[in-house]
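Let me begin by presenting the structure, written as structure tokens, before commenting on it.
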Amino acid sequence: MQHIPPNGWDSNLPCMAIIKSRQTTLPLGNFLLWILLGVLTFPCCVHCLIFKVGVLGPWDCDSVYYRALPTAAARLAVSRINGDPGLDLGLTMDFIVLQEPCETSKALTAYIYYEHLADAFVGPTNPGYCIAASLLAKNWDKALFSFSCVTYELDLMLGHPTFARTVPFPPDVLFTVFKHFRWASSVVVSSNEDIWIDTAGTVAAALRRRGLPVGLVTAMGLNDTEVESTLRKIQNAGEVKVIIMCMHSILVGGEYQTTFLTKAHKMGMTSGKYVFVPYDTLHFSMPYSNVSHFPLRNNSILREAYDAVLTITVASELLSFNEAFTAAKRSQEVTLPVQAEQVNPLFGTIYNSIYLLARSIHNARKARMQLSGSNLAYFTKNTSFNGFNQKVQVDASREVKTNYVILDSDSRSSQLYQAYFVDLKAGELRFAGRSIHFPGGSPPKADSLCWFDENGICTGGVEVSYIIIVLAVILSLAVGGLFITIYIRRRLQQIQLIKGPNRILLTLEDLTFINPQLSKKASCNQS
């Protein structure tokens, strides 16, 4: 692969839309004639137009993200896209892997310099600069297809017309799960890297926007003392039901989550009072059918702690991630000397994101629209295709409706099993055949249903609208009936419009004019 600064990896497709000039000077008429003959004689050269996708991520500075093999994922996607007879792109798709520094400020700085290296972007992976990246993409008129951005503001096409999501909005998935079990109160804990601290803040803001209380947002700390202090804060944060962990899952090699869960287990926090939910698995399809996970297999304490964890991940439909990756290796579409178990399943999400972009190009061309950034974001709607190992569906509102599953374990086995299907279209959970094994024998106590009522307002777990109704009925009975109360209330409102210190309707007597002549003129007109 050719190294392209700054820190970019290019795929070097052999078909390039470059016309090299000869030393011989030709008359202008002959030159144009040669160009015309070339186009007529070689129509395939129309497909030599290269559309390059930039794949953004912290591939070099984060070992877990590195194992997503972005180059192999992008190469597999563009190879299948360019050979897909069902896609009419009118071009050849190519890719370049672009490095995203792990520090948020440096990641944004690097992104600014990538403007001319790609025609569209998959990313950013760090949600900390998503809004800035989207605004820049808007200015460049280049599509930005992201699987990590968490801010609702990005869904406003007026302000962010070139932005599109490639996975369901993760807080919406969490809300659907929490609503089923009526777990309203949560805390969000991150590891100490910028990317996860920024993720925690945006996840908490998104949940609060849905009306759910988030009692604490914090980083876990760097040593045992700090981790223990963080866990004490959680214990003192009130009636918390769910601890959302914004860090790499132990199932993909996340060492910080191993430390966090082990310490929580030693402090007795995995006994059933809390449910721990990994956040990163919402972005990919974690293999779960007949898979023994190495971190659980070789650590009995961690296996017991993981009994308190519910893993929510993209459903494997037709094939698991491991089966799909092994099939790609068998067909020699992937030639790397690695096994599926060593690969971060984010590989499949990168693949799906590029394929969704190709489907959008196809849809835009079918509608005879230009391949502008805003058009590519818009034409993701009403799209469905077979992704790496699941069906990807985008509805008329451009919301991705890929299915999810809730996975559980039982403290004895290193395997996970399906407990529920998460149906985002219906906004509900469907039982998958095996109940969740809660460490205490039962789930954490449910919160008031009013937290999940879009028309209700909760305070302290009690619905405010319900209190108001009860008080109104008592008051109406006290004064002789509901209709009398309504009449008096309306009459008082009418009186308050024109009388009293808080009146709204004013007369000229209530006004003081700075210009006496205007005051006199107004008085004359009034009389």
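One-based numbering along the sequence shown. Below, each value reflects all heavy atoms present in this structure, side chains not excepted, and no hydrogens, waters or symmetry copies.
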[X] side chain vs [Y] backbone, donor-acceptor pair below 3.5 Å:
X	Y	result
D408	I436	no
R430	D423	no
T313	V405	no
S229	T225	no
T383	K381	yes
D280	S249	yes
Y417	S435	yes
T326	N322	yes
S134	C130	no
S360	L356	no

Quickly, which of W196, Y279, Y66, F260 forms a ring pair (Phe, Tyr, Trp, His ring centres under 6.0 Å) with H248? Name it, please. W196
Identify the residue among F147, F175, Y152 that makes a ring pair (Phe, Tyr, Trp, His ring centres under 6.0 Å) with F169. Y152
Determine whether F51 and L376 satisfy the following criterion, side-chain contact (heavy atoms from CB on, under 4.5 Å), listing intermediate values before the conclusion. CA-CA 13 Å; F51 187 95; L376 293 183; 3.8 Å; yes
Between Y114 and F121, is the ring pair (Phe, Tyr, Trp, His ring centres under 6.0 Å) condition met? List the steps. CA-CA 10 Å; Y114 294 151; F121 297 94; 7.4 Å; no
To the nearest 0.5 Å, how far apart are [atom1] in [X] and [atom2] in [Y]?
X	Y	atom1	atom2	answer
T281	Y404	OG1	OH	9.0 Å
F178	F452	CZ	CZ	8.0 Å
I195	S190	CD1	OG	11.5 Å
M157	T162	CE	OG1	9.5 Å
W451	L212	CH2	CG	8.0 Å
C149	L154	SG	CG	5.5 Å

Test of understanding: with salt bridge (charged side-chain N to carboxylate O under 4.0 Å, His left out), list the residues that count as partners of R412, not counting sequence neighbours. D410
Tell me every residue that passes salt bridge (charged side-chain N to carboxylate O under 4.0 Å, His left out) with R232, counting only those two or more places apart in sequence or in another chain. E228
Please determine if R165 and D155 form a salt bridge, counting it only when a charged side-chain N lies under 4.0 Å from a carboxylate O. yes
Considering only heavy atoms from C-beta outward, does the side chain of [X] approach that of [Y] to under 4.5 Å?
X	Y	result
T166	V400	no
S186	L207	yes
L261	M245	yes
V394	K401	no
I234	T218	no
D84	H362	no
I301	H265	yes
P345	V252	yes

Around [X], counting heavy atoms of other residues, nucleotides and ligands shown, do more than 12 lie under 6.0 Å from its [atom1]?
X	atom1	result
K266	NZ	no
E239	CD	no
L336	CG	yes
Y378	OH	no
E428	CD	yes
F294	CZ	no
K241	NZ	yes

Over all heavy atoms of both residues, which pair between [X] and [Y] is shortest? Give the atoms and the distance, please.
X	Y	value
D194	C102	CB-O, 3.4 Å
S320	N389	C-ND2, 3.5 Å
L117	I96	O-CG2, 3.7 Å
G123	L144	O-CD1, 3.2 Å
V309	P278	CG1-CD, 3.6 Å
A107	P101	CB-O, 3.4 Å

For the residue pair [X] and [Y], confirm or rule out a side-chain donor-acceptor distance under 3.5 Å.
X	Y	result
S191	E193	yes
E399	S397	no
E100	N126	no
T202	T151	no

Give the C-alpha distance, both sets of side-chain angles, the deciding distance and a yes or no for side-chain contact (heavy atoms from CB on, under 4.5 Å) between V392 and R359. CA-CA 11 Å; V392 179; R359 293 293 309 181; over 6 Å; no
What class does the angle between the rings of F325 and F347 fall in, given that below 30° is parallel, 30 to 60° is tilted and above 60° is perpendicular? perpendicular
Where do V97 and W59 land on the side-chain contact (heavy atoms from CB on, under 4.5 Å) test, with the steps shown first? CA-CA 9 Å; V97 173; W59 317 120; 3.4 Å; yes
Can we call the ring centroids of F284 and F321 under 6.0 Å apart? no
Less than 6.0 Å separating the ring centroids of Y420 and F431? yes
Between R297 and S292, does the side-chain contact (heavy atoms from CB on, under 4.5 Å) criterion hold? Intermediate values first, please. CA-CA 7 Å; R297 188 168 63 240; S292 177; 3.0 Å; yes
So Y306 and H293, ring pair (Phe, Tyr, Trp, His ring centres under 6.0 Å) or not? Walk me through it. CA-CA 12 Å; Y306 210 80; H293 295 280; 8.2 Å; no
